[in-house]
Amino acid sequence: DQQVKQNSPSLSVQEGRISILNCDYTNSMFDYFLWYKKYPAEGPTFLISISSIKDKNEDGRFTVFLNKSAKHLSLHIVPSQPGDSAVYFCAASAQGAQKLVFGQGTRLTINP
Amino acid sequence: NAGVTQTPKFRILKIGQSMTLQCTQDMNHNYMYWYRQDPGMGLKLIYYSVGAGITDKGEVPNGYNVSRSTTEDFPLRLELAAPSQTSVYFCASSPGQGRLTQHFGDGTRLSIL
C-alpha cells in the first residue's frame, strides 16, 4: 500500500510561472512532512518541511501547504527557474518515528 | 565537509555474486539508512540503524544484510545477487533526537546481469 502518493509523474512549467507539486497521504499518524529535490546522478537534497501543527511554511521561493483534513500537501515554487528542473519527492514521518516514507516523485521541467 | 559518502558509484554483478556497498558519514549522526530506488518509484527503506550495534529492518529487507560497528560506517551486504536487486541504492543519515531531516549520499547504481 502506497501511504504517500504523488499522482503526477511529471510537470512542465514555463520559466517565471508558478510550479505546484502535489502529494497525498493515507496514514493519519503522519505528523511531519518534507520535500526533497533530486538532480540526476545525485542524492536527494532536503528542500523544505512542515509540521502538522502548521498549515503553511515558507522559505524564499518555496512554500509548502498542508491540508490535514484532506491529507494533502503541496509545494509551490514561484517564480520557477531553470535550475528548479529536477525530481521532487514528498516524504512523511509518523509520530516519534525517525523513518521517512517517500512518494514516487514528480519530475519538474522548467521551460525557458 | 564530505557529508555522506557512498562507494562504489557504479557496479555490475553477475547473478549469484555477493558484494558490499559502503557508506560513511562524518556528521556524527546517530541514525543511518539504506534505501533503494527503482525506476519511476520512490525510495524504499531497506534497513536502518539508530546507533552503533543496533540495526532494524525496513520495508524491503529480503536479500540484504547490514552491520553498524561504528557511528560513521553502515555497509550494506548483498548475498547471492539477483536481477530484482538491480537498482540505485542510497545511504542517508540523520541526527536523531527528533530531528528528521535526512542527508543523502549520491548513490550506488547496481546492475545484476
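Protein chains get the first letters and strands the later ones, always in sequence-line order, with residue 1 at the start of each.
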In terms of heavy-atom pairs under 4.5 Å, which option from A/Gly103, A/Gly105, A/Cys90, A/Pro9 contacts chain B the most?
->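 The option with the most such pairs is A/Gly103.
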Check for me, please, whether [X] and [Y] land in the same ILVMFWY cluster - side-chain distances under 4.5 Å, paths through other members count.
X	Y	value
A/Leu21	A/Leu34	no
B/Val4	B/Phe90	no
B/Trp34	B/Met19	yes
B/Tyr33	B/Leu78	no
A/Phe33	A/Val4	yes

Residue, of B/Arg109, B/Gln6, B/Gln102, B/Glu59, that accumulates the most heavy atom pairs under 4.5 Å with chain A =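 Among B/Arg109, B/Gln6, B/Gln102, B/Glu59, the one with the most close pairs to chain A is B/Gln102.
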For [X], is it the side chain, the backbone, both, or neither that has a heavy atom closer than 4.5 Å to a heavy atom of chain A?
X	answer
B/Leu45	side chain
B/Gln37	side chain
B/Lys9	neither
B/Ser94	side chain

Would you say [X] has more than 12 foreign heavy atoms packed within less than 6.0 Å of its [atom1]?
X	atom1	result
A/Arg17	CZ	no
B/Ile12	CD1	no
A/Lys99	NZ	no

How long is the span from the CZ atom in A/Phe102 to the OH atom in B/Tyr35, to the nearest 0.5 Å?
->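 So the CZ of A/Phe102 and the OH of B/Tyr35 are separated by 4.5 Å.
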Does any non-hydrogen side-chain atom of B/Val50 lie less than 4.5 Å from one of A/Gln98?
-> no
Measuring heavy-atom distances to chain B, does A/Leu100 have an atom under 4.5 Å in its side chain, in its backbone, in both, or in neither?
->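 For A/Leu100, the contact with chain B is made by backbone and side chain together.
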Region of A/Gln6 that comes under 4.5 Å of a non-hydrogen atom in chain B | neither
Using a heavy-atom cutoff of under 4.5 Å, enumerate the residues of residues 38-58 of chain A that contact chain B, numbered in order, or state 'none'.
-> A/Lys38, A/Ala41, A/Glu42, A/Gly43, A/Pro44, A/Phe46
